[in-house]
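A quick write-up on the structure given underneath.
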Amino acid sequence: MKRTLAIGGTLAAAAGLLATAMVSTPAQAANNYKVKETLAGTSNVAQQVAFFWSSKTLEEATPYNVEPVVSAKHVSTGGFAGNSKPGVVPAIGDEKKTVSKSKNVNLPLNIGKVFFLGADGKPHWCTGTSVQSKYRNLVATAGHCAYDTKSSKATLDKWIFVPGYYKGKAPWGIYVGKQAFTHYDFDVYEDGDRDYAFVTVYNGINIGGDKAVDKKAYDAYTGDKQIISQEVTAAEFAEKYTEDGPYWKETVPGGTQVDPPADAVAKRWEYIKKGIDGVKLTAEEVTGAQYKAAPNSSAALKNGEKWGFRGDDWVRISLREYHELSKAKKAGTFKGDLQVKRGKRVMEAFKKQYFVKKWVKDAAEKYYKDTYIIHEITDAGRLGDRVGGQGMAYNQKLGKNVFMFGYPSGSHPDGTKPFTGQVAKWTYGKTFGATAPSMKAEELQGLKSAFTGEGSMGSAWLLNYSNARRLGYLNGVTIALADRDNNQRIDTSLSPYFDGETYGVYAQAANVWSGSIL
């Protein structure tokens, strides 16, 4: 259920500010424009989200299909006025002024991808950015990359952030989303002017490789795990079976897997040592004469040796059974001995059967080795401690230069596809005012850019970006693209204008603790 929250306070001032920056907390006319939704409310739920993605290849996800290309108009009247004084929040590690120069454009460490399941139940992604917060646990992205605008669900499912994503790799870990904060007007009315979200994330996790353990360790492990059954030869079965695991299973006729009998190893090893593989010890019934002539059991393990199983035991039967077996003996279908003992009051019947050893091939017999695998994970620490976080800027004048970083993908309207979405890209330019009526957006900022596709949704617009420190002020997130000159080529990226209400949503999220999932 959606809730409207009152502002609990503004973001605490950082330890120091850039000398050129003036921070002002905007005065608010109302306190009901922020909405908080839960993504993964408990550590157990967050673990399951992490395990879900650990079993998948991130490259399998596709960009989020939200029809990003819209019709946009350039506002030539000078743009929009902020609803309070301009202000900034310094980036993590950039609370004090630093002076440095760099000729190359260095990609920020804290740009990455957000992954989630869309309304279609399939894995998708957008771009996201780590930003400054009290607990160093906050990600900024487009609102529709956290809230499900395609179905009745409030938020997108199994949401994670992967900073520094590069060709399927997660070099800094995976960060599971805990709570998403957005503007009331976007949550309720899907107002494009408020299409932004700030998401708190748990401490990251590093997913190690698969580790084989014994059954005791497997049973004790509470994380993600699996059993892998592998067919093996009878020789491997006899040589490597151990009581403590890994365990073996025998497939008997009919396909049922059962644990082998306690003496199976000894019996099987006895004849496997002689090179007889894939065979089975059985009993063949013979006549008394054949049994008497058969050799005693020896190390030769030959067919026809005396086995002794019920060979010297008399079994009491009824007189009716006695007569039936007598008929079988006369017909040559019964090979044992029959006897009747007559007493004063009763007549007792007995039968005696003879068996010798026989080794036979058994195509239905298969053996499997069970390997117990656990997926090890470790705590990667807080997001901001690992990769830093960009600052925040709001109520800034349009016409300023910004760098935009993201993971563009998809095609231009003419079908050409210049970006793969597997590596981060950048572009640079001046912001200008724009509108997009189809998104109910009247106060957007635009940037000339050839970024394409759904993957660029959530791309970070950074004001005053320091090339050396890879830090700046987040002043926008891409929510749509446009072909303003109608030449079938994307030429414009669009973002909400970050004003005092944007800061209010950010400030609420930036003061919320999330913790670890381990």
Side-chain angles (χ1 to χ4, degrees), residues 59-76 79 111 113-116 118-120 122-129 141-151 156 165 167 186 190-196 398 402-461 476-497:
E59 290 176 293
E60 295 176 0
T62 59
Y64 193 30
N65 184 8
V66 289
E67 302 174 359
V69 180
V70 300
S71 176
K73 296 181 180 180
H74 188 155
V75 177
S76 59
I111 300 295
K113 284 186 177 183
V114 296
F115 291 86
F116 47 83
D120 57 3
K122 297 179 180 179
H124 298 287
W125 53 269
C126 292
T127 298
T129 311
T141 188
H144 65 259
C145 293
Y147 280 75
D148 192 343
T149 59
K150 293 291 183 179
S151 72
L156 293 165
Y165 173 91
K167 294 184 177 180
F186 177 75
E190 296 184 20
D191 182 355
D193 287 327
R194 301 299 179 186
D195 189 355
Y196 44 75
L398 297 176
V402 297
F403 279 91
M404 183 171 66
F405 297 93
Y407 291 84
S409 64
S411 305
H412 286 289
D414 65 7
T416 58
K417 188 176 181 179
F419 304 107
T420 66
Q422 292 304 310
V423 296
K425 298 293 183 178
W426 65 274
T427 189
Y428 178 80
K430 292 182 181 294
T431 59
F432 56 85
T435 63
S438 65
M439 299 180 65
K440 306 175 186 177
E442 300 176 351
E443 294 188 352
L444 298 178
Q445 51 184 338
L447 180 70
K448 290 184 178 180
S449 166
F451 273 21
T452 62
E454 298 87 346
S456 62
M457 299 300 98
S459 292
W461 297 33
V477 290
T478 300
I479 62 167
L481 310 171
D483 171 20
R484 291 192 297 121
D485 57 10
N486 296 316
N487 68 346
Q488 300 300 298
R489 304 277 292 184
I490 299 299
D491 55 33
T492 302
S493 292
L494 300 169
S495 165
Y497 176 75

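Looking at Thr416 and Arg489, their side chains do bring a donor and an acceptor atom within 3.5 Å of each other. Defined by atom type and a distance below 3.5 Å, a donor-acceptor pair is present between the side-chain atoms of Thr62 and His124.
Going from atom CE of Met457 over to atom OG of Ser495 covers 10.5 Å, rounded to the nearest 0.5 Å. Distance CG/Leu447 to CG/Leu398: 11.5 Å, rounded to 0.5 Å. Within the model, atoms CG of Asp483 and CG of Asp414 stand 9.0 Å from one another, a figure rounded to the nearest 0.5 Å. Interatomic distance, OG1 of Thr492 versus NZ of Lys448, reported as 8.0 Å (0.5 Å rounding).
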Item to check | Full working for side chain to side chain donor-acceptor pair (under 3.5 Å) between Tyr165 and Gln422 | outcome: CA-CA 8 Å; Tyr165 173 91; Gln422 292 304 310; 2.5 Å; yes
Next on the checklist: What verdict does the ring-ring contact (aromatic ring centres under 6.0 Å, His included) test give for Phe405 and Trp426, after you've listed the backbone C-alpha separation in whole Å, the side-chain angles of each residue and the deciding distance to 0.1 Å?
Outcome noted: CA-CA 4 Å; Phe405 297 93; Trp426 65 274; 7.2 Å; no
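Here the closest non-hydrogen pair linking Asp193 and Glu443 is OD1-N, 2.8 Å. Taking both residues in full, the closest heavy atoms of Ile490 and His412 are given as N-ND1, 2.9 Å, listed atom of the first, atom of the second, then distance. When all heavy atoms of Cys126 and Thr141 are compared, the pair lying nearest together is CB-OG1, 4.4 Å. In this structure, Gln445 and Thr431 approach most closely via the heavy-atom pair OE1-CG2, 3.8 Å. Across Met404 and Ser449, no two heavy atoms sit closer than the pair CE-OG, 3.2 Å.
Qualifying side-chain contact (heavy atoms from CB on, under 4.5 Å) partners for Thr127, counting only residues two or more places apart in sequence or in other chains: Ile111, Tyr407, Ser459.
Phe116 pairs in a ring-ring contact (aromatic ring centres under 6.0 Å, His included) with only one of the listed residues (Tyr147, Tyr64, Trp125), which is Tyr64.
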